[in-house]
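Only one structure is covered here, and it is reproduced in the block below.
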Amino acid sequence: MIRTHVLGFPRIGQQRELKAALERYWRGESTLEALETCGRELRRQHWKLQHDSGLDFVTVGDFAFYDQVLNHILMFGCEPARFAFTASQPDLVRGFAMARGVAAGAAACCPPHRVDHGGAAGAAGGQPALEMTKWFDTNYHYLVPEFARDTRFRLESARLLSEVAEAVALGHTPKVVLIGPLSFLWLGKSTEAGFDRLALLDALLPAYQVLLNRLHEAGVRWVQMDEPVLGLDLPDNWRRGFEHAYRQFEHCGVSILLASYFSPLEDNLKLACALPVSGLHIDAVRAAHEVAEVLDRLPPHRTLSLGIIDGRNIWRADLDRALALLRPALQQRQDLWVSASCSLLHVPMSLSADAALDAELASWLAGAREKLTELHILKCALSEGDDAVRFELDEARQALAARAASPRVRNREVAARIEALPADADERRSAFFHRQIRQRARLNLPAFPTTTIGSFPQTREIRAARAAYKRGELDAEAYRARMRSEIEQVVRVQERLGLDVLVHGEAERNDMVEYFGEQLSGFAFTANGWVQSYGSRCVKPPVLFGDVSRPAPMTVDWTRYAQGLTDRPMKGMLTGPVTLLQWSFVRDDQPRSTTALQIALAIRDEVVDLERAGIAVIQIDEPAIREGLPLRHAAWHAYLQWATRAFRIAASGVRDDTQIHTHMCYSEFNDILPDIAAMDADVITIETSRSDMELLQGFGHFAYPNEIGPGVYDIHSPRVPSVDDMARLMDKAAAVIPADRLWVNPDCGLKTRGWPEVHAALENMVEAARRLRARIRPHVAGMA
Ligand code: GLN
Ligand code: ZN
């Protein structure tokens, strides 16, 4: 028998209805009931789409107003005690308080004020939000459960059961999705040092058991238990935890489909196939090579679900290839399910009719709705034969063939350039030591030089001008004048503050990826290709569909103009190849490393053009480099090899006396310091202030060879750090990094901040640097 299903569906709505409803509620403009109505309506629509596509189940339990992990925190009653919730508070109110924090003085029963992450909310009765972190290697962020020895669980299943009832009332067959107990514990963090969250398993399992029983009583036949941690390197005791937990679910009445995704099972494959569950789902896109072994090992009476449609990317599937894999599998299994590799949460709702894409490009793409159609076609072909869907299969073949043959995708010049790339294209002309002497001679900077990360506050006026220009209401001349005056202001402010290396402020950029993607060939942008990032926040990743090249310089005019306004060095500002790759939907017809190399060459040309225009300092931002790390440790090395090489290719076209900076943030970097060093940037500015220089412990062990600016001003908080705060952080840094290699800077760009606080904070920062210079005098040749 063949059945189709999805592991999860986007919940934000085709027009981002959920975002609008959430934000209305948070602003106090609507009620909880209105929000619930919006949720119910979205679920109804999404189930209908699943049903109309011939899926055998609709998926229930994937909907969340904010985040599915947060739903589980509420469902298992393990809200951190620090929130001191009362029993009368509705679950949504408690959920939003955990997600967004509670401002000091605000009662948790009111819609909480937005608390900046890392802000000063713990003080005077406020509570900072739960930490947020990336959901595996996606750009979705979940709220991190907090676990400690005294964590207790208390089942609160009303919401889930009412969603099940909703689906049943609409005439659907629900399959309920839960995050499995091992993944739930793994994804949390221990708030007590040395506490292994696995110790909570026995306390948690009864809650699952009762829940499974209740679902059974509610008429649910199948429960999909998501255990994506099966794709990670697991310690042995956690693997034994799987056996222990799933043995206890054996007689719970429902059939359990254990779901793994995002990564091959590898050393957990035997374990996954042997667990006493009714079925197993595997990611047949990222773990295609494991399908045969799973077919062999999984007992024949068990259900196998093959995630053959890519749930992480937006390209239309090769249905013939899928059928060639599914047909033999179908002969070996009594019950074969076909699905997308993972939840469709990670792709836009629909792309086939996106207003910003031309018809040809749109015909190559598949959003969640189009993936439902693909599953439908596969099911028909498998159960009734190809002829039943001859037209659909032909149409899909044609689109695939057109994409493969398109001159928009392949650019011979790009290929030729890669072919001819000299072996040392990723090396600077001299070693850092020599470059440092030449750069010091050219730049003549003081000790502890001060700089910023690139962007200055993006005021409402700046955004309005950019939007008017895009809509054609402001002509190019007027727009240029407007941006130039903005640049001039930012330059004057920096001069007055006494910063040493200036920036032009990035007023012309809406987004650090979009700005470059729009000017490079090979990228396309959608009008409505939104993907949830966290809560009501969505991103619209570019579509990297073809060979990348740079038709014209992208930043040279703005940067040259800015440099012309001042005698101080003006830092050119670029986004690096790995970040451009990481924050896009990337073509799947060549290795990511090849695409990264193409982008690197385009950025390299920009770097060289900036140098030619007289720019002596150029920053290539790579905040996303760590995000690209594969989920399995064994694959890290290969990734880091090509990722750091792509950066070096971008950076190495310049003379020794041109100073290359890079910038990183959003993650901890201690575990990849040698690779960061291998990027060989002359200066790295890096986020550290939130973890109070925790990062620098890493530098205690690993001697970073080049110059470094550990961020001393946490730009995620509206708090203005004092001179003392920043001087103290610099003292910590100077304890592990030689003083002559230290820079003083904020830990990220300032675009989300307001002018008054930026002004005050930078004034303090410059003063902190002056005090340092007075106290510590690094004696180094070439330093002024
Ligand atoms: N140059 C960018 C800015 O200042 C860097 C942003 C980032 O690191 N995310 O905004
Ligand atoms: Zn940053």
Side-chain angles (χ1 to χ4, degrees), residues 116-118 132 134 139 141 450-459 462-463 466 483 486-487 490-491 493-494 499 501-517 533-534 537 539 541-542 554-555 558-559 562 570-584 603 606-607 610 615 617-628 647 650-651 660-669 676 679 681 683-691 695 708-717 743 745-755 758 761-762 765:
D116 274 76
H117 254 76
M132 211 167 51
K134 283 166 79 71
N139 281 328
H141 300 74
T450 53
T451 190
T452 62
I453 308 305
S455 57
F456 267 83
Q458 290 248 332
T459 58
I462 294 177
R463 278 184 306 216
R466 231 180 17 228
M483 291 297 123
E486 202 52 55
I487 291 172
V490 167
V491 169
V493 168
Q494 294 173 87
L499 285 154
V501 173
L502 309 195
V503 296
H504 79 288
E506 301 182 23
E508 79 288 7
R509 301 181 194 178
N510 167 39
D511 173 275
M512 64 187 291
V513 170
E514 190 175 272
Y515 181 77
F516 291 94
S533 170
Y534 65 89
R537 285 282 196 111
V539 295
M554 303 181 281
T555 64
W558 299 119
T559 316
M570 175 62 56
K571 182 160 63 165
M573 204 57 60
L574 305 172
T575 303
V578 184
T579 298
L580 288 168
L581 188 80
Q582 200 56 35
W583 290 348
S584 303
I603 300 295
E606 186 74 12
V607 172
L610 282 170
I615 304 302
V617 184
I618 300 163
Q619 178 171 311
I620 307 171
D621 289 326
E622 284 289 23
I625 197 148
R626 197 184 183 290
E627 294 177 10
F647 179 88
I660 299 289
H661 289 217
T662 189
H663 164 69
M664 286 178 201
C665 54
Y666 304 135
S667 3
E668 286 180 39
F669 296 98
I676 292 177
M679 290 163 67
V683 182
I684 179 170
T685 57
I686 192 161
E687 173 182 322
T688 41
S689 62
R690 269 195 287 183
S691 49
L695 178 94
I708 175 162
V712 289
Y713 159 23
D714 174 9
I715 65 92
H716 301 91
S717 162
W743 286 63
N745 47 264
D747 64 6
C748 198
L750 303 167
K751 70 189 238 185
T752 58
R753 296 266 65 99
W755 266 112
V758 161
L762 291 181
M765 190 185 89

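Just follow the structure's listing: the first ligand is 1, and inside any ligand the first atom is 1. For clarity, every value in this text was computed on a predicted model and none was experimentally measured.
Atom CG of residue Asn139 and atom OH of residue Tyr534 lie 12.5 Å apart, to the nearest 0.5 angstrom.
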Just list the N/O pairs, ligand 1 to protein, that are under 3.5 Å apart, with the distance for each.
from, atom 1, to, atom 2, distance (Å)
ligand 1, 1 (N), Ile453, O, 3.1
ligand 1, 1 (N), Glu506, OE2, 2.9
ligand 1, 1 (N), Asp621, OD2, 2.7
ligand 1, 4 (O), Ile453, O, 3.3
ligand 1, 4 (O), Ser455, N, 2.9
ligand 1, 4 (O), Ser455, OG, 3.1
ligand 1, 8 (O), His663, NE2, 3.1
ligand 1, 9 (N), Tyr666, OH, 3.1
ligand 1, 10 (O), Ser455, OG, 2.7

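Of the options Thr662, Ile708, Ile684, a side-chain contact (heavy atoms from CB on, under 4.5 Å) to Ile676 is made by Ile684 and by none of the others. Among the candidates Pro746, Cys665, Ser455, the single residue satisfying the side-chain contact (heavy atoms from CB on, under 4.5 Å) test with Ile715 is Pro746. For the side-chain hydrogen bond (donor to acceptor under 3.5 Å, both in side chains) test with Lys571, the passing option among Thr452, Thr559, Thr451 is Thr451; the others fail.
For Glu606, the side chain to side chain donor-acceptor pair (under 3.5 Å) partners at least two apart in sequence or on another chain are Arg550, Thr555. Under the rule for a side chain to side chain donor-acceptor pair (under 3.5 Å), Arg509 has no partner lying at least two apart in sequence or in another chain.
Looking at Lys134 and Glu627, a side-chain N of the basic residue comes within less than 4.0 Å of a carboxylate O on the acidic one, giving a salt bridge.
A perpendicular orientation is assigned to the rings of Trp743 and His661, their planes being inclined by more than 60° (bins at 30° and 60°).
Without hydrogens or angle criteria, Gln582 side chain to Pro623 main chain gives no donor-acceptor distance under 3.5 Å.
Any protein N/O/S atom under 2.8 Å from the Zn ion (ligand 2) was counted, giving 3 altogether.
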